[in-house]
Amino acid sequence: MPAPASDQPALRARELRKSYGGRDVVRGLSFSALPGAVTAILGPNGAGKTTTIECCEGLRRPDAGTIEVLGESVGPRGYPLGLRHRVGVMLQDGGLPMAPKAGSVLQHFARLHDEPARPEELLERLGITAVAGTSVRRLSGGQRQRLALATALIGRPELVFLDEPSAGLDPQSRLATWDLLREQRTAGVTMLLTTHLMSEAEELADHVVIVDDGAVVAEGTPAELTGEDEVRVTAAADHPDPAGVVAALSARLGDSFTIVARADHVALLGGTPDARTLGAIGSALDEVGYGTASVVSHRRSLEDVFLELTGRRLREESTP
Ligand SMILES: Nc1ncnc2c1ncn2[C@@H]1O[C@H](COP(=O)(O)OP(=O)(O)OP(=O)(O)O)[C@@H](O)[C@H]1O
């Protein structure tokens, strides 16, 4: 049964580090997940989300750092025995045996727990009752994904790890999954999920940890992360010196805005500028030869924040 809510984190990861073949993919990453809340680790492909969550699940061993789950330390050998029954895990690739039938797999997982949820009910909720008699191998990707979620929830865990829970699902299945996860939260279950879907983080998360290149670049509630107005100036052509653009704008505007400049756009955070300030912005941009294609003022979405922090362009994978 879920533990009563407290202020103590249900999970605390401190200064995690992990490298593969000399390449650092998790670089001093720290975050906490509060009990009864949904914490989303949001990041682009390759940011280190799966590595981080699998370290927290005790499936990968971090090179450095500490992890506490439900008050217990996760050591080099993974979870202490008693902890395993309190936690549910949904892996990114499902991690399911292929030969058995879907319903048998879930029954098997149910028998591992003292007070499991009813398998038939979970199958029904996730819309996979009709394939209960089909072998896992023959399930579609989305059906397998939902079965993996059912196996994570069958033991009525206190804490559930969900690695991209709705990746590859059609819109109906995604909504059914989100509804089920919201119910889990209402019942007091703590959830840590990874996602690169803004909509998933916006719909489900109480706390969002934005990760890029193996490190936390921002965190907060969705409202904290998105609560600011932004003026966005899109460049007509890439500018060679974004730092010079910031300097020119700061010289005219002082510290009334947080200014982020990239080759292709400038974002000014901190309020809606009046006509005089807009004039000053225009003059500063003219001064540094920043050709302006458009200027818009709007409330930032999570996607704006994410793209601002993690960049708008596809990145080459770094090499060792
Ligand atoms: N076992 C491994 N051996 C070598 N490199 C790995 C291994 N696992 C992950 N990586 C690399 O580490 C980096 C981070 O991978 P990870 O799967 O943690 O990222 P992610 O944020 O979950 O990405 P995605 O959203 O694409 O699933 C990637 O560059 C990946 O290629």
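Whatever order the structure lists them in is the order used to number ligands and atoms, beginning at 1. The residues of the chain are indexed from 1 along the displayed sequence.
Heavy-atom separations between G43 and ligand 1 are all 4.0 Å or longer.
One option in V26, T50, V25, L42 has a heavy atom closer to atom 13 (C) of ligand 1 than any other, and that option is V25.
Numbered from 1 in the order shown, with element, the atoms of ligand 1 that lie under 4.0 Å from a heavy atom of N45 read 23 (O), 24 (P), 25 (O), 26 (O). Under a 4.0 Å criterion applied to the non-hydrogen atoms of E164, ligand 1 contributes the atoms 25 (O), 27 (O). Using a 4.0 Å cut-off to heavy atoms of A47, the atoms of ligand 1 that qualify are 19 (O), 20 (P), 21 (O). Ligand 1 places these atoms under 4.0 Å from at least one heavy atom of P44: 21 (O).
Considering V266, V233, V288 as possible partners of L249, the one that fulfils the side chain to side chain contact (heavy atoms under 4.5 Å, CB included) test is V266. For the pairing with T277, the side chain to side chain contact (heavy atoms under 4.5 Å, CB included) check across V231, L268, L253 returns one residue only, L253. Across L181, D206, V160, a single residue satisfies side chain to side chain contact (heavy atoms under 4.5 Å, CB included) together with V38, and that is D206.
Inter-residue side-chain proximity for P44 and D212 is flagged as met; some heavy-atom pair is nearer than 4.5 Å.
The neighbour count for D274 CG, taken as heavy atoms of other residues, nucleotides or ligands under 6.0 Å away, is above 12.
Ring geometry for H85 against H113 counts as perpendicular: the plane angle is over 60°, on a 0 to 90° scale with 30° as the lower cut.
In E54, neither the side chain nor the backbone holds a heavy atom less than 4.0 Å from any atom of ligand 1.
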